[in-house]
Amino acid sequence: MPTPYFKKMPTVVIPPLMRKLTDGEENITIPGTTIREVISNLDDRYPGMKERLCEEYRLKPGIAVYINGLLTRGSILDRVDTDAEIHFLPAISGGVAAPPD
Amino acid sequence: MDEKKEYKVIGTRPIRHDGVDKVTGRALYGADVQMAGLLHGRVLRSPHAHARIISIDTSRAEAYPGVKGVVTAADLPEAEDRIADLGEGAVNLKYLCDNILASDKALYKGHAVAAVAATSPHIAEEACQLIDVEYEVLEPVLEVRQAMESDAPLLHDSIRTTSMGETADEPSNVASHIQHKLGDPDKGFEEADITVERDFVTGTVHQGYIEPHNATAQFNQDGHLTIWCSTQGAFTVREQVAEILQYPVSKIKVIPMEIGGGFGGKISVYIKPVAALLAKKTGKPVKVLMSRTDVFEGTGPTPASYIRVKMGATNDGKITAAEAYLAFEAGAYPGSPVGPGAMCIFAPYSIENVVIDGYDVVVNKPKTAPYRAPGAPNAAFGSESVLDEIAEKLGIDPLEIRLLNAAKEGDRRADGPVHPRIGFVETVEAAKSHPHYTAPNGKKHHGRGVASGYWFNIGLESSVTINVNADGTINLIEGSTDIGGTRSSIAMQAAEVLGIPAESVNPSVVDTNSVGYTAVTGGSRTTYATGYAAYEAAQDVKRQMIGRAAKLWEVEEANVQFADGVFSSINGKEEEISFRDLCSHLGQTGGPIVGSGTVNPGGAGGAYATHLVDVAVDEETGKVEILRYTAIQDAGRAIHPSYVEGQIQGGAVQGIGWALNEEYIYNDEGAMTNASFLDYRMPTCLDLPMIDAVIIEVPNPGHPYGVRGVGEVPIVPPLPAIANAIYDAIGVRMTELPMSPDRLLKAMGKI
Amino acid sequence: MARKSHVQTTINGETVEFLCESRQSLLEVLRDELHLTGAKEGCNNGNCGACSVILDGRLVNSCLVLGVETEGKSVETIEGLAEPDQLHPIQNAFLENAALQCGICTPGFIMSAKALLESNPNPTEHEIRYWLAGNLCRCTGYDKIVKAVMDVAKASA
Amino acid sequence: MQDFGYVAAKTVSEAVTLLDEKGQTARILAGGTDLIVQVREARRDVDLMIDIKSIPEVNVLDYNADTGLTLGAAVECYKVYAVDEICNAYPGLIDATKIIGGTAIQGRAGVGGNLCNASPAADCIPPLIVLNATAVIAGPNGERELPVEQFCTGPGQTALENGEMLVSMKIPAPASNSSSFYLRFIPRNEMDIAVVGAGASVTLDDAKQTIVSARISLGAVAPTPLFAEEASALLAGREVSDAAIDEAAAAAQAIARPISDMRGTAEQRTHLVGVLTRRALNGAIQRI
């Protein structure tokens, strides 16, 4: 795991159904400047996390990311500030809940 | 953003730009498409709710005079079992294709099986009856709790329950499980002085747009496919058709005609790919229309659901914990709106300890589609009824208990994110001071109810292009189909930027070849996001116009300012020119000006509503009459208040219909027995009073003019508000929708 | 193929001739044969009023009239309402009151309102709601439609 | 929609001859608001529609205070309620004509068509029954008359023989101190089919204290509209009172044999028969 360079780091709120992977931890502080980096670093600490959240270049269908409470288009390339709060949630778009894979 | 800013155009009520076309019958809707050589398509649908398709023989239909082509699922490209990213959400491609034309199984009565193109619609319809389909009829499962049983008939062998990326081993009708959790619910319930827990059941209901689905397709010899249709989003039609036909988007042009209502139901495609297949097969343009029965049986309603809500509060009314279990019917394929339901259910309140479980469950009914705040009305029926009961048991005014627990900026929602500036408290306070709430209501069997609702709204992509005309007007090109006056609410935002009257904007909704990508008219996003794009495009025009003024006056651009529709030089020369006059100098200052704006904004801002309703209950017949209705809503900023009121009134009335009479009624074989406007019983104007729409404006920080989406949240409060009013009238808690006369008679013990 | 009959009728004051099959409704004839697409199909069984036209002075659902039945009769449709240089007062009232959203039901409501105001120029709100109950609108909640018709009645009173 | 022929008959005999020749697949077209929908939805097989609206006899609308009303089979609802004398004489029938469909339907649909369609839930049939209406029927062997309560034989089935058509309905002049009432229960306020319908006619004595005679009829609770004969009979000679009306309502409930369908449940319908019978009787009495 890379040495944290940042003084402050983004916080990821782990969805309840994924807390098995984090031994019940809800809020994980983890380095990263993009969602991709954050997920990658999470996976280093809690193996399996990446597989649950990602496909090759994108979030898994059915999963959305909120950064500081704002719904983005769900791109793993979205940048995150050092004080960002990140939520992974069931995807909802266009008034539609995306079906699971 | 300056909250006190006075606007010249925003907040006024100009005549809508497409108004004259629509009151003279000239506006062209999808079914109005006429062209030489046009063939007419009709779809054959499954008479069974659950059946294996053994064989389809189309030979008799093909031989029928006047028939030019017949298609079945065999004419679709082989669908891979993969996820298609449709921009508006990811969909399993096989499910998407199978819903267009059933391949191996028919999964609901009305499921499309084959289609015919013929020289007249009557011949096409007759020929459908000549298609011989052999079915092996299977047992259907029609109710969410039954479908969740381990011994229930399985719709799909391939579905295994997923929970945030984790997949179960055994096949099931439960497609997914989601959960939100905040704090420690067990501890929260221990702290409660009073706990109320109830079960709720809601029926399947339809959007009920008056215009049936339609599509006309033409396939040119060079491979270019053109589709004229009624849709909430031309680009999503293009994406879906491209995926289903496995055809490049660049060869598909979708021309959105005027749309006769959608409410979420005209996002998914049904007959558009079928029209394309028939057009390809026949080499002629083919128009496919649905009948009203096709619409009820073959398009997505919003789901029936089973909901359990438990809330605990202290004696002084503070909610200490809340728990919800939501099981939603997805219809034949996964994808119910249980996600939004789970997200919205407790969102009006700041509650420390919450757990919400949601289940997406397939049943033998049409695949559900979004319907105005999908999932939220079902959920609010449960939560707002339980809160009303807590308030009543504690002897606290129902609006006071809402104020006491109201979510505010900075409070955390159960699904995680923190609320930005929201206007919930303001809606409740407006309700408290409204004359409706203080009016006497003492008559026997008259009752008053209140309820609140939340919808999160969305942003998504929008593109706008502005072409500046020499006479000082602008042509505004957009990709959002106009279902309720959005041409005007978008045009007005551009007009405000440019200091010109709303009438000086000519807005056009154009095809997919003629404007940048624009997501659907849905999610209450159009005035917000496409309006935002229009704002940006107008800013682009403004910047360019400043350059032209600078050139005209031979000054630096930095020395030109623009205010109230007038450019002026602020340094050196004392020059002034109006936007209109500068437009006549475009040729000599550098040529035409085209401004563009594209956005994908994240700050849609949630919308809140609080409704008040008075009802009279006929104790002998169980019939509920709506006596008075007041709907209060935070619109952020009402661009065109008349159409904001219209959204509020229309949403409230759809909610009234849902609350009182609307439902799909099924027989044991899984056939809908009321698939007509006669027996589906949507409200007529004789069933309603005037709906007093009260607009509150708490500007949304995520939009330059403070706009919040307004279209969806008004359908959320009516269900519980009416249930609470019925309780007030007769002392009976209704927990099943619709609260139709026979259910009331049963609840009152009369039958 | 079904045989077609020759029919002569008056539509919006003009004599019109057309050929149609017996099974074609007046709505189909207007839309598909005469390309007068202002009358809309919402349900095709008389329950939504989107196809309302006036036949020999009386409001009807054009989906429930056969084209062949209109021989020698007079039909008024939405297309015949406005003057070349001005809208009918009901059309203006609908615009001023924002009494339409998607607009698909609008031609039917306007024809229905016209028939009402011709038979009862000064209706009460209840009479308006009773008369218009055969026209479904799913967008507006009817509030602004009823107000538009009340406005026209008031202006002519 | 299936293909069919169309004839605009000019005389009763022309229509009767065609009906006789073509048999069951020829149907009379009057307002068309039921027939066209049934053919479109493939619920009825029709080869020929015989439009009777140009036949003089079926357009008669003639009221005479002594002899009563002759109501042609094709007279549209709106024409019936436009005549004040008819509204005053037969308010129960007017109640029905004003709630069939919406205004646009009432521009085409008529009482005769409502009778011939023979729906168990038809709104006009209970009032016709309580008003002692008779059906005037023309056929290959001439004319005959039939009390309306015998006209319907099952859902969509009538006593019309092959080649026969309804020409008109005759309703006797109302007795003094009498009136009539019809109401239905529907979940909405218009544009609905009766979950239950109830019609009543009542004649009181000159003091308006005692019921001389009454007739009660029920819709949508049996395969045909019912004449509630016992319930009607037990009111004769009784003082106007809640007790008498309750007894009649209970007797009416006793003959209801409703089904459950998408419009209502059997229990709901049986319950509503009692409620609506009381309301119909009280409504008729209040009009006297």
Side-chain angles (χ1 to χ4, degrees), chain B residues 13 15-16 18-29 31-32 34 65-66 120-123 207-212 258-263 289 291-292 482-485 640 642-643 645-654 656 676-678 682-688 690-691 693, chain C residues 1-2 21 23-24 28 31-32 35-48 50 77-79 81-82 87-88 90-92 94-108 110 125-126 128-130 132-147:
Chain B
R13 300 174 186 243
I15 300 292
R16 60 190 283 169
D18 53 341
V20 173
D21 281 346
K22 285 184 175 161
V23 298
T24 54
R26 286 180 181 152
L28 291 176
Y29 292 74
D32 302 338
Q34 305 282 354
S120 95
H122 295 285
I123 293 172
Q207 298 85 358
Y209 35 79
I210 306 299
E211 177 205 36
E258 296 300 334
I259 171 171
F263 314 107
L289 303 180
S291 70
R292 180 53 51 186
D482 182 353
I483 314 189
H640 192 311
S642 295
Y643 288 96
E645 290 160 6
Q647 289 293 324
I648 295 172
Q649 291 162 337
V653 166
Q654 283 186 316
I656 290 169
S676 71
F677 274 153
L678 178 63
M682 305 196 310
T684 77
C685 60
L686 194 60
D687 302 318
L688 299 161
M690 293 294 183
I691 308 293
Chain C
M1 292 282 182
E21 296 177 23
R23 61 181 164 179
Q24 282 181 288
E28 287 174 77
R31 293 177 54 80
D32 294 341
H35 293 191
L36 290 167
T37 56
K40 304 299 182 191
E41 179 186 317
C43 70
N44 217 17
N45 60 8
N47 287 301
C48 78
T77 73
I78 187 72
E79 287 90 348
L81 210 55
L87 295 176
H88 187 279
I90 300 172
Q91 293 172 316
N92 272 324
F94 269 62
L95 292 181
E96 283 157 10
N97 281 277
L100 61 148
Q101 284 179 31
C102 80
I104 197 87
C105 69
T106 308
I110 289 176
E125 183 189 331
H126 180 80
I128 292 170
R129 288 183 182 275
Y130 171 79
L132 296 178
N135 292 80
L136 289 177
C137 169
R138 192 61 158 171
C139 296
T140 64
Y142 304 104
D143 191 291
K144 292 178 190 300
I145 295 174
V146 174
K147 282 177 179 153

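What's counted below: heavy atoms across the whole structure, side chains too, no hydrogens, waters or symmetry copies. Per chain, numbering begins at 1; letters A, B, ... match sequence-line order.
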Below 4.5 Å from any heavy atom of chain B, which atoms of [X] appear? Answer side chain, backbone, both or neither.
X	result
H126(C)	both
N45(C)	side chain
N135(C)	neither
L87(C)	side chain

What is the minimum heavy-atom distance between [X] and [Y], and which atoms define it?
X	Y	result
D482(B)	E258(B)	O-OE1, 4.3 Å
A98(C)	S642(B)	CB-CB, 3.6 Å
N47(C)	C43(C)	N-SG, 3.2 Å
Q654(B)	Q207(B)	NE2-O, 3.3 Å
F677(B)	Y209(B)	CZ-O, 4.0 Å

Atom group of [X] that falls short of 4.5 Å from chain C, counting heavy atoms:
X	result
E645(B)	both
I259(B)	backbone
E211(B)	both
A27(B)	backbone
I656(B)	neither
V23(B)	both

Between [X] and [Y], is any pair of side-chain heavy atoms under 4.5 Å apart?
X	Y	answer
R23(C)	E28(C)	no
D32(B)	K40(C)	yes
Q101(C)	Q647(B)	yes

Taking every non-hydrogen pair under 4.5 Å, which of [options] racks up the most with chain C?
options	answer
G261(B), G262(B), G485(B), G208(B)	G208(B)
M682(B), H640(B), Q649(B), K22(B)	Q649(B)
L686(B), D687(B), V653(B)	L686(B)

Among [options], which residue forms the greatest number of heavy-atom pairs with chain B at distances under 4.5 Å?
options	result
E125(C), Q91(C), E96(C)	Q91(C)
T77(C), N92(C), T106(C), L95(C)	L95(C)
G38(C), C102(C), G141(C), G134(C)	C102(C)
K144(C), E79(C), H88(C)	K144(C)

Reported [atom1]-to-[atom2] distance for the pair [X] and [Y], which is rounded to 0.5 angstrom:
X	Y	atom1	atom2	answer
T684(B)	Y142(C)	OG1	OH	6.0 Å
R292(B)	I210(B)	CZ	CD1	6.0 Å
I110(C)	I145(C)	CD1	CD1	9.5 Å

